[in-house]
Number of protein chains: 2
Amino acid sequence: MIHKTNRMYLVEQVASQIEQLIESGHWPVGEKIPPEMELMNLFDVSRNTLREAIRALVHAGLLETKQGSGTIVRSANPLGATLKRYIKRSALLETLDVRLALEKQAAQLAAEHRTATDLSTLEACIQSSREAAENGDYEQFIASDIRFHQTIVQASANQLLIDLYEPMVEIVYSFVQDLMAMDAPFKYEEELHLELFRAIRNQDKVEAASYMEDYMKILRENIMKLMED
Amino acid sequence: MIHKTNRMYLVEQVASQIEQLIESGHWPVGEKIPPEMELMNLFDVSRNTLREAIRALVHAGLLETKQGSGTIVRSANPLGATLKRYIKRSALLETLDVRLALEKQAAQLAAEHRTATDLSTLEACIQSSREAAENGDYEQFIASDIRFHQTIVQASANQLLIDLYEPMVEIVYSFVQDLMAMDAPFKYEEELHLELFRAIRNQDKVEAASYMEDYMKILRENIMKLMED
DNA sequence: CTTTTAAAAGTTGTAGGATGATTGGCATAT
DNA sequence: ATATGCCAATCATCCTACAACTTTTAAAAG
């Protein structure tokens, strides 16, 4: 059996080399990459070929071009941009269900793998959320609540789970923020967060999942209430 | 507050128009799209601009170009290709945990929303799996098992969940298929599948989730056993 | 008439050059 | 020191040409 000469076109070669440079950190996020002229010489391709490769990565969310200025690395995670665009067009309630699925699993895994650092971060978030709720500070409240949940997902030590969760929670909270801007009342479910924290600390998977489900149920109800306006 | 004039470059305009044509089904999956010359006239852009747009969609997995032949629509789901590439590079056990998360949630939602058609499809899959297991027919066994689980996810009626699950299960089963090709013994957990089916039919969310978890545990153990070689 | 072969047309891949649009920095003038 | 205008750098778009590959067509051979 002779393999079909799976020819790799120049554009693909260049694109995957650039991708490699980004993911390996040789071209750090936020920094400018060399101008087209240099890259043409570096990869020894024409301008068209190079630009097609760059355009592909721009569309994928890895790069960002600014006419007259240059091209910068926007992200090192190819999944983020695509997922975010997709989730943005999905129904909020569907997104919430998926978030529940991921975060419930994350809570169970976190109960297994949580480190001392994770636990202290979680405690700090709860503290910060309480203060923000008392002061009526929306922004700080949302920020520390996000960090609490992100910490749980991070503690799961499952990179795929982390990468899927990240864009999802961004979208959900941007909705929430829009809604809250209309001066809606909000209440911090401190006891629930504390119970969840304790379950993870005590490595009790079942309890952790259960409290997470309770929290999501309340969040869902709150969002639906807010959406009625 | 003056908004930054978010200028939309030609390439992006063309790319998003093509995306639209694909997602709306005007350019069906598997069919050829018009050649570059026609598209240049259609969108009134130069060949370079058009090609950059097409290249972006090729990289995203929506299109596929074949030199000398033409360009065909490869997929109407922008998420699929990116996710698949990503999952392929993830650890199998991490992927399994995420799959468990999604499918457990799917089972609960399916218990709520399942239709009569879903139920009969599920029954047919169980029947087909049993026959395949008795005859030792690997391919049919895997095919009908996949269809069983896909049907559950479809029955959840959550499009985001479906789109996330699809590439995941493909990767997992391609692993399984590779492993099974080495003449490994396999056993069909019929009773478990039946219980899961009954729970969904009876709209018992808790039972459905529980049986799904049991199944995933067994699948995980089997895969780990196979991977030891 | 059928099959084989070769030419031609069609299509995407790559190259190179030219011009327009935007940005950022530099030098000049106030 | 600040403001203005000029200039260079950089990306965006367009154009033409040729190469590589595929499909179709037509001619040639049997």
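Chain identifiers are assigned alphabetically (A, B, ...) following the order of the sequence lines, protein sequences preceding nucleic acid strands; residue numbering begins at 1 within each chain. Computation of the quantities below employed the complete heavy-atom set of this structure, encompassing side-chain atoms and omitting hydrogens, waters and symmetry-equivalent molecules.
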Neighbour count above 12 (heavy atom, 6.0 Å) for [X] [atom1]:
| X | atom1 | answer |
| --- | --- | --- |
| A:Glu134 | CD | yes |
| A:Asp44 | CG | no |
| B:Gln20 | CD | no |

Mind calculating the distance between [atom1] ([X]) and [atom2] ([N]) to the nearest angstrom?
| X | N | atom1 | atom2 | answer |
| --- | --- | --- | --- | --- |
| B:Gln67 | D:dC18 | CD | P | 17 Å |
| A:Leu10 | D:dA20 | CG | C1' | 12 Å |
| B:Met8 | D:dA12 | CE | P | 14 Å |
| A:Tyr9 | C:dA15 | OH | P | 14 Å |

Practice task
Check each residue of residues 25-42 of chain B for a non-hydrogen atom within less than 4.0 Å of any atom in DNA chain C, then write out the ones that pass by number, or none.
Solution key: B:Pro35, B:Glu36
Handout entry: Any donor-acceptor N or O pair under 3.5 Å, side chains A:Gln17, A:Gln13
Key = no
Problem - Side-chain donor or acceptor of B:His113 paired with backbone N/O of B:Leu109 under 3.5 Å - result: yes
Handout entry: Sidechain-backbone polar pair: A:Asn158 side chain, A:Leu160 backbone, donor-acceptor under 3.5 Å
Key = yes
Exercise for the section: Measure from the ring center of B:Tyr165 to the ring center of B:His149 and say whether it is less than 6.0 Å. Expected result: no
Exercise for the section: For D:dC21, take OP1 and OP2 only and decide whether either is under 4.0 Å from a side-chain N or O of B:Ser69. Expected result: no
Handout entry: DNA chain D contacts among residues 45-65 of chain A, heavy-atom distance under 4.0 Å
Key = A:Arg47, A:Arg51, A:Arg55, A:Thr65
Fill in the blank from the handout: 5'-most contact on DNA chain C (nearest-nucleotide basis), A:Lys66 vs A:Val11, goes to A:Val11
Exercise for the section: Determine, stepwise, if the pair B:Asp118 / B:Thr121 fulfils side-chain hydrogen bond (donor to acceptor under 3.5 Å, both in side chains). Expected result: CA-CA 5 Å; B:Asp118 295 327; B:Thr121 304; 5.7 Å; no
